[in-house]
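To start, the structure itself, in structure tokens.
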Amino acid sequence: DDVLESLGAADVDQRLEERLIDGVLYAFQEQGEESSPEDNTVLLDGFGVVVNALGVRCKPYLKQIAGTIKWRLNNKSASVRMQAADLIGKIAVVMKACGEDQLMGHLGVVLYEYLGEEYPEVLGSILSALKAIVNVIGMSKMTPPIRDLLPRLTPILKNRHEKVQESVVDLVGRIADRGAEMVNAKEWMRICFELLEMLKAPRKSIQRASVSTFGYIAKAIGPQDVLHTLINNLKVQDRQNRVCTTVAIAIVAESCGPFTILPALMNEYRVPELNVQNGVLKALSFMCEYIGDMSKDYIYALAPLLEDALMDRDNVHRQTACACIKHLALGVRNQGCEDALVHLLNFVWPNIFEQSPHVINACLDAVDGFIVSLGPNFMMLYVLQGLFHPARRVREIYWRVYNNMYVYASHSMVAGYPRMENTEKNNYQMESMDVFL
């Protein structure tokens with residue numbers, strides 16, 4: 001493994017090459033039930049490195065390797081079957097390089113027949129192997145055809161084992177990205193309903209893969225049906241599920257354009273339910289983060305909704321609205337939307353006296369966004385009012401905002417300081433030459 005990885009296989013002659021392949025194949029076949037997982041991993045990695053190092057020179061041996069894999073996929077031991085499926089994932093790229101599309105197609109059919117596997121660890125490896133074949137062979141040449149393969153994957157989405165979930169969502173996402181037109185829209189909607197359950201998965205990589213798959217499906221069948229499913233999911237009690245749903249809505253907005261989802265999303269805000277309204281605000285926050293300067297087309301439409309949220313009695317409404325305004329302000333910098341930003345700033349500013357640490361942090365983030373988009377000198381007009389207030393609590397927060405401005409944009413603040421006239425006792429003005437000296 002280390003030798004071939006470091007030095008390559010250019011100096012290996014044909015006789016040594018044959019002995020090398022014979023050796024790894026023999027070692028692979030000798031692995032049985034009693035072998036430890038570490039041994040299996042080392043052997044698989046070694047086999048993968050040998051085949052990848054030899055590259056096109058492996059072509060004469062691929063039929064023999066494929067025969068061994070098929071034989072071991074039929075073994076009664078689960079660990080042997082899993083190892084055989086894992087090996088397909090390791091050598092798929094080399095098979096493509098050798099032009100063995102037919103052999104890969106045959107292995108694809110064999111793996112398809114094993115999708116009824118009862119051991120989840122083995123099923124996860126079979127799905128990973130299928131994904132490796134789909135990646136290299138392409139959607140149009142895949143056997144079995146994608147239109148037959150995908151309906152077999154839909155029930156597997158119900159499996160709660162982490163390895164199976166991760167592999168199947170990755171595979172479905174790849175098909176949705178590259179070959180969505182080969183499957184009808186009803187099947188994709190079925191998959192959408194199953195993917196909602198995946199948003200509860202404990203592993204973050206599964207949540208992330210599910211969310212991006214929603215984006216691919218929305219691109220393929222249009223956002224309306226997918227959005228309807230996601231918006232209904234905002235009504236559930238589980239917080240993690242709702243947060244993942246809002247991210248999925250934002251991904252759909254990014255994939256299909258914000259104008260496709262904003263009307264439905266803003267209409268949903270009228271539902272008098274805290275979870276739904278918070279979910280809508282969270283989705284808008286993620287959307288503004290993803291679309292960047294495209295926000296300039298939507299800021300005037302969003303302003304009334306954000307006003308309402310910033311005046312709400314619920315802390316979380318105001319907190320999420322501030323997070324949304326932060327991304328909005330950063331996105332529309334230098335886009336000529338200063339009038340809407342000033343209007344929103346007047347609603348954000350009273351919240352700087354909030355007690356809740358989450359709200360105050362979100363509010364200060366929004367103010368930092370305004371410092372970037374409106375400029376520090378405009379913000380100085382707000383800050384100067386409270387820097388020397390008699391109440392300590394008022395002074396503290398104003399000085400906190402001032403210090404943030406000083407850190408981010410001290411060079412721009414010079415023009416914003418008030419002009420102090422000299423008095424009999426104090427001389428406030430200084431000539432440039434004095435400063436220079």
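Side chains included, hydrogens not; waters and symmetry mates left out as well; all remaining heavy atoms used. Along the sequence shown, the residues carry numbers beginning at 1.
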Next on the checklist: If you apply the rule side chain to side chain donor-acceptor pair (under 3.5 Å), what do you find for N278 with T320, and how did you get there?
Outcome noted: CA-CA 7 Å; N278 286 336; T320 320; 4.7 Å; no
I'd like to know whether [atom1] of [X] has more than 12 heavy-atom contacts from other residues, nucleotides or ligands below 6.0 angstrom.
X: K219; atom1: NZ; value: no
X: R152; atom1: CZ; value: yes
X: R147; atom1: CZ; value: no
X: R160; atom1: CZ; value: yes
X: F353; atom1: CZ; value: yes
X: Y300; atom1: OH; value: yes

Hey, is the main chain of [Y] close enough, under 3.5 Å, to the side chain of [X] for a donor-acceptor pair?
X: D308; Y: P304; value: no
X: T246; Y: A283; value: no
X: N377; Y: S412; value: yes
X: E117; Y: Y119; value: yes
X: N346; Y: V342; value: yes
X: Q207; Y: A201; value: yes
X: W188; Y: A180; value: yes
X: N52; Y: G48; value: yes
X: Q277; Y: V271; value: yes

Item to check | Audit row: M413, M380, side-chain contact (heavy atoms from CB on, under 4.5 Å) steps and yes/no | outcome: CA-CA 8 Å; M413 286 167 61; M380 278 287 275; 4.0 Å; yes
Quick check: do [X] and [Y] have side-chain heavy atoms less than 4.5 Å from each other?
X: I251; Y: F214; answer: no
X: S285; Y: H327; answer: yes
X: R242; Y: K282; answer: no
X: R318; Y: D314; answer: no
X: F370; Y: K326; answer: no
X: Y216; Y: V172; answer: no
X: I191; Y: L150; answer: yes
X: I249; Y: L234; answer: yes

Would you name the heavy atoms of [X] and [Y] that are closest together and state the gap between them?
X: Y398; Y: V383; answer: CD2-O, 3.2 Å
X: Q83; Y: L44; answer: O-CD2, 3.7 Å
X: Q224; Y: T260; answer: NE2-O, 3.2 Å
X: N159; Y: H161; answer: OD1-N, 2.9 Å
X: R395; Y: P390; answer: NH1-O, 3.0 Å
X: A366; Y: I325; answer: CB-CG2, 4.4 Å

Next on the checklist: Run the side chain to side chain donor-acceptor pair (under 3.5 Å) test on D86 and S125 for me, step by step, so that the C-alpha distance in whole Å, both residues' side-chain angles and the decisive distance to 0.1 Å come before the verdict.
Outcome noted: CA-CA 6 Å; D86 284 335; S125 293; 2.9 Å; yes
Rounded to the nearest 0.5 Å, what separation is found between the [atom1] atom of [X] and the [atom2] atom of [Y]?
X: L230; Y: C192; atom1: CG; atom2: SG; value: 7.0 Å
X: H106; Y: E100; atom1: NE2; atom2: CD; value: 12.0 Å
X: L305; Y: M266; atom1: CG; atom2: CE; value: 5.0 Å
X: M95; Y: L103; atom1: CE; atom2: CG; value: 4.0 Å
X: L306; Y: L284; atom1: CG; atom2: CG; value: 7.0 Å
X: R333; Y: E338; atom1: CZ; atom2: CD; value: 10.5 Å

Checklist entry - What is the ring orientation for F388 with W399, classed by angle as parallel under 30°, tilted 30 to 60°, or perpendicular over 60°? => result perpendicular
Checklist entry - With under 30° as parallel and over 60° as perpendicular, where do the rings of F286 and Y290 fit, or are they tilted in between? => result parallel
Donor-acceptor list for residues 127-135 side chains, cut-off 3.5 Å, not counting sequence neighbours:
from: S128; atom 1: OG; to: G124; atom 2: O; distance (Å): 3.0
from: S128; atom 1: OG; to: S167; atom 2: OG; distance (Å): 3.2
from: N135; atom 1: OD1; to: R174; atom 2: NH1; distance (Å): 2.4

Ion pair [X]/[Y], N-O distance below 4.0 Å:
X: K163; Y: E166; result: no
X: D101; Y: K141; result: yes
X: D45; Y: K90; result: yes
X: R392; Y: E396; result: yes

Item to check | salt bridge (Lys or Arg N to Asp or Glu O under 4.0 Å) partners of residues 224-237, not counting sequence neighbours, each pair once | outcome: K235-E268
Item to check | Verdict with reasoning, I65 to F47, per side-chain contact (heavy atoms from CB on, under 4.5 Å) | outcome: CA-CA 11 Å; I65 294 171; F47 205 136; 4.1 Å; yes
Checklist entry - Using a distance-only test with no angle check, is there a side-chain donor-acceptor pair under 3.5 angstrom linking R400 and N403? => result no
Checklist entry - Does one side chain, of Y112 or D148, offer a donor that lies under 3.5 Å from an acceptor on the other? => result no
Item to check | Set of salt bridge (Lys or Arg N to Asp or Glu O under 4.0 Å) partners for E307, sequence neighbours left out | outcome: none
Item to check | For T154, the option from R190, E187, E194 that meets side chain to side chain donor-acceptor pair (under 3.5 Å) | outcome: E187
Next on the checklist: M287 vs E254, test: side-chain contact (heavy atoms from CB on, under 4.5 Å). Steps then yes/no.
Outcome noted: CA-CA 7 Å; M287 186 191 84; E254 189 187 20; over 6 Å; no
Checklist entry - Stepwise, does the side-chain contact (heavy atoms from CB on, under 4.5 Å) test hold for I299 with S295? => result CA-CA 6 Å; I299 184 169; S295 306; 5.7 Å; no
